[in-house]
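Inspection log for the structure reproduced underneath, given as structure tokens.
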Amino acid sequence: MTTGTRIKELRLAHGYRQSDLAKLVGCSSQVISNIERSVTVVSADLALKIANEFHVQVEEIMIDSTPTTVYLTEDESLLLSNYRKLLSSDQKLLLNISNRLLEL
């Protein structure tokens with residue numbers, strides 16, 4: 001199963017049209033169509049938005065990616081958990097802050 005197929009499955013299970021999902025995640029319905037047909041590779045940012053919309057882990061969306069095991073420390077896990085609770089605009093702000101810190 002591809003990432004696009006999985007996104008389509010989730011979309012249909014929630015009763016969404018491509019245009020509904022596109023509006024919810026801030027892209028065009030053509031982008032959703034291209035992803036579902038494996039014409040376009042979904043970006044990490046968009047995959048996260050789609051996963052959040054369907055209340056699943058992003059790994060459940062990116063199923064045709066190379067599987068890797070990542071072990072998080074307790075602090076990393078807490079940081080990720082808190083990040084996922086933020087609004088999209090606040091997530092972007094936090095990413096900008098972390099990028100600035102890395103530039104120092």
Is any side-chain heavy atom of [X] closer than 4.5 Å to a side-chain heavy atom of [Y]?
X	Y	result
Gln18	Gln30	no
Leu46	Val31	yes
Ile32	Tyr16	no

I'd like to know if the side chain of [X] reaches the main chain of [Y], judged simply by a donor and an acceptor atom lying under 3.5 Å from each other, with no hydrogens or angles considered.
X	Y	value
Glu53	Ile50	no
Gln91	Tyr83	yes
Asn99	Asn96	no
Arg6	Ile61	no

Point to revise | Nearest heavy atoms of Ser29 and Ala22, plus distance in Å | key: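 Answer, listing the atom of Ser29 first, then Ala22: N-CB, 3.5 Å.
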Rounded distance [0.5 Å steps], [atom1] in [X] versus [atom2] in [Y]:
X	Y	atom1	atom2	result
Thr5	Leu10	OG1	CG	11.0 Å
Met62	Thr2	CE	OG1	11.0 Å
Leu93	Ser88	CG	OG	11.5 Å
Lys92	Leu87	NZ	CG	11.5 Å
Leu79	Thr73	CG	OG1	9.0 Å
Phe54	Glu9	CZ	CD	11.0 Å

[X], [Y]: one ILVMFWY side-chain cluster at the under-4.5 Å cut-off?
X	Y	result
Val25	Val41	no
Leu102	Leu94	no
Val56	Leu21	yes
Val42	Val39	no

Practice item. Check Lys8, Arg17, Arg11 against Glu36 for a salt bridge (Lys or Arg N to Asp or Glu O under 4.0 Å) and give me the one that passes. Key: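 Single pass found, and it is Arg11.
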Exercise for review: Answer yes or no: are there more than 12 heavy-atom neighbours, outside Arg84 itself, under 6.0 Å from its atom CZ?
Suggested key: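 Result for CZ/Arg84: enclosed.
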